[in-house]
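This report refers to the structure that appears directly beneath it.
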Amino acid sequence: VSIMVMDGVYTEDVTITRSNVALRGHAKSLHQKSVRVNGTITVNHNGGSGPLNEVVTITGFTITPASGHAIEFIGTGSGSLVLDDVLAIGNGGSALIVTNNPATKDSRIRIESCQLTSQGDFPAADIQYGTLYTAVDGDMTAKTSSGTAPALKLSNEAAVYMDRFVVSSGGTTIQCT
């Protein structure tokens with residue numbers, strides 16, 4: 001299912017519970033995001049037949065919740081999340097948080113041409129029990145009041161592969177626990 005979202009500001013939380021969904025912001029040109037979500041986008045991938053078959057794609061959005069995480073990738077099954085040309089700003093939460101069931105560590109996240117930023121003492125991206133595959137051409141920045149939050153936090157056997165991606169923080173850049 002491909003959903004084209006027209007230009008505008010949408011003040012609401014969005015939850016996606018089915019696989020093979022492409023949520024595309026209508027853009028006048030490349031890297032000009034004209035769709036803004038003032039809320040959280042949650043992708044809940046329960047069940048599924050594998051990360052390569054259960055894909056959700058988000059393209060061309062600015063996501064800025066009033067508080068909390070901008071993008072949540074959660075669930076008990078395996079799946080894949082693709083972010084392309086997305087600006088996500090966590091406000092008292094991470095721009096991207098991935099919390100999966102420990103039994104299904106094969107969930108995958110692909111980030112391309114994105115900017116992930118956190119405000120408050122939270123990492124820009126917090127990956128738990130998943131793999132951040134192919135972070136290309138973008139940046140992760142943690143803007144913390146105390147300067148201690150990492151830009152990227154990996155825990156519980158999470159893994160990451162990056163190319164041409166800037167990771168910056170006032171504190172630790174990448175934290176593995």
CA sep, side-chain torsions, deciding dist, call: Asp126, Lys153, side chain to side chain contact (heavy atoms under 4.5 Å, CB included): CA-CA 5 Å; Asp126 187 352; Lys153 180 180 176 186; 3.9 Å; yes

Might you work through the side chain to side chain contact (heavy atoms under 4.5 Å, CB included) test for Arg24 and Ser2, ending with a clear yes or no? CA-CA 7 Å; Arg24 302 188 189 287; Ser2 184; 3.8 Å; yes

With side chain to side chain contact (heavy atoms under 4.5 Å, CB included) as the criterion, how do Arg18 and Val1 come out once you've worked through the C-alpha distance, each side chain's angles and the decisive distance to 0.1 Å? CA-CA 9 Å; Arg18 67 180 283 178; Val1 175; 3.6 Å; yes

Derivation of the side chain to side chain contact (heavy atoms under 4.5 Å, CB included) call for Phe61 and Val37: CA-CA 7 Å; Phe61 277 73; Val37 174; 3.7 Å; yes

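Taken from CD1 in Ile74 to CD in Gln128, the straight-line distance is 12.0 Å, to the nearest 0.5 Å. Atom OG in Ser155 sits 9.0 Å away from atom CD1 in Ile127 (nearest 0.5 Å). Here Ser113 contributes atom OG and Leu87 contributes atom CG; the two are 12.5 Å apart, rounded to the nearest 0.5 Å. Taking CG of Leu83 as the start and CD1 of Ile71 as the end, the distance is 4.5 Å to the nearest 0.5 Å. Distance CG/Leu152 to OG/Ser118: 11.0 Å, rounded to 0.5 Å. To the nearest 0.5 Å, atoms CG (Asn91) and OG1 (Thr117) are separated by 11.5 Å.
For the residue pair Ala95 and Ala88, the shortest heavy atom distance occurs at CB-O, 3.3 Å. Contact detail for Asn38 and Val9: the closest heavy-atom pair is ND2-CG1, 3.3 Å. Across all their heavy atoms, Leu116 and Ala125 have their closest contact at CD1-CB, 4.3 Å. For the pair Gly25 and Val35, the tightest heavy-atom approach, listed with the atom from each and the gap, is CA-CG2, 3.7 Å.
Placement of Val56 and Ile97 in two distinct hydrophobic clusters is found when ILVMFWY residues are connected by side-chain heavy-atom separations under 4.5 Å, directly or transitively. Linking Ile, Leu, Val, Met, Phe, Trp and Tyr whenever their side-chain heavy atoms come within less than 4.5 Å leaves Val86 and Ile89 in two separate clusters.
Formation of a donor-acceptor pair under 3.5 Å by the Ser94 side chain with backbone atoms of Pro123 is found in this model. Asp13 contributes no side-chain N or O that, together with a main-chain N or O of Gly39, makes up a donor-acceptor pair within less than 3.5 Å.
Partner Leu81 forms a side-chain contact (heavy atoms from CB on, under 4.5 Å) with one of Ile111, Ile41, Ile16, Leu96 and no other, that one being Leu96. When each of Thr11, Thr64, Thr62 is tested with Arg36 by the rule side-chain hydrogen bond (donor to acceptor under 3.5 Å, both in side chains), just one qualifies, namely Thr64.
Under the 4.5 Å side-chain criterion, counting only non-hydrogen atoms from C-beta, Thr59 is not in contact with Leu23.
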